[in-house]
Structure formats: structure tokens, C-alpha cells
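Remember, it's 1-based here, ligands and their atoms both numbered in the order they're listed.
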Amino acid sequence: MFTRIEDFAAEWTSESELTASVLDALTDESLEQEVIEGRRTLGQIAWHLVRSLHYMASLGLVFDAPSGDEEAPDSAVHIASEYRRISKDLLQAVQAQWNDETLRESVMIYDEAWQNGSSLRFTIMHQSHHRGQMTVLMRQAGLRLPDVYGPTYDTWIEKEMAPLL
Ligand code: NI
């Protein structure tokens, strides 16, 4: 749970840069990569990640919803640019509309009282969860992955180091 807006802002800034770097590595063709036949595609997971940020509006924050509907766009560039917009707007809304006291206030979500500071933590964890799903599908789609929390296989090879098992 976050108790200071400043701490969330710092963490959100670095986490959203990581997410943007993953989304930037997508190609239009790769969006069709499925988890398994008939299930979610890479494009659908990426679009869910982008759209889900707007759930923060149900906690009282006012910022623009993502453009388009629930159906995933077929443009990787559009998904990445829409992410950049909404992740910036989310941070600005938190900084302008909430303060450290607001983070301790609770809102009922699915019959449970959630402190706003915990909801912000959940937002980051939910994003990391889907970003992790995406990197597996991106590898299966033959894409080059950016480093997220550590070097990828390709980075080790480029540095002429033995990849970890
Ligand atoms: Ni989700």
C-alpha cells in the first residue's frame, strides 16, 4: 500500500516506462499470437492492460478513458501510444486530485473496503502480471524482448556472456 503520493509517482514512472518499452516491441502481426488455440491473444492482453488503467475512475479519479472499445485494435503503434497517454493521465490525476490523506481513505470494491493506497499498489501489480504474460507470448511470436527487471537471453548473448539457465 502506498502512503505517499510521491512514492507512487516515482514507482509508476519507472513501471510505466518498462511497460511502454514492452509495448513498443510489439508488431501488428504478433498481436494475433494466442495463449492457446481459441483463447486470448497477445493483442487482447495488451489492450486489456491499457484499458484496465481506467478502472481507477471508479475510485473517483477523473481522467479520459481509452479511445475505442473493448475489441483490441490491430495496430501495435496505437496500443503503445494510447498506453503512453493514459498512463501519463493517470499519474497526473493522482497527483492533482488526491493527496497523502486520500490514500488512507477506503472505497468499496466488490463488497470489500479498499484503501486508495492499496488500489494504487494493485494497479502496479496487475500491470506487471499482464506484462509478464505478454513477454512469454512475444517470445513465442519471435519478437526481440526488451530487458524488464534483468537481461534477456539476447542481451546475454550480445554481451558475449553465457546465458543463465
Ligand atoms: Ni487483468
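- Between His126 and His48, the angle of the ring planes goes over 60°, which puts this pair in the perpendicular group of the 30/60° scheme.
- Counting only distances under 2.8 Å, and ignoring water, the protein N, O or S atoms around the Ni ion (ligand 1) are His48 NE2, His126 NE2, His130 NE2.
- By the side-chain hydrogen bond (donor to acceptor under 3.5 Å, both in side chains) test, Thr102 is found to be paired with Asn99, residues two or more places apart in sequence or in another chain being considered.
- Val77 shares a hydrophobic cluster with no other residue; no ILVMFWY side chain has heavy atoms under 4.5 Å from its own.
- Inspection of the Ser16 and Tyr83 side chains reveals no N or O donor paired with an N or O acceptor under 3.5 Å.
- For the side-chain contact (heavy atoms from CB on, under 4.5 Å) criterion with Ile79, the lone passing option out of Asp74, Leu49, Asp28, Leu31 is Leu31.
- Residues passing the side-chain hydrogen bond (donor to acceptor under 3.5 Å, both in side chains) test with Arg131 are Glu15, Thr19, Tyr149, sequence neighbours excluded.
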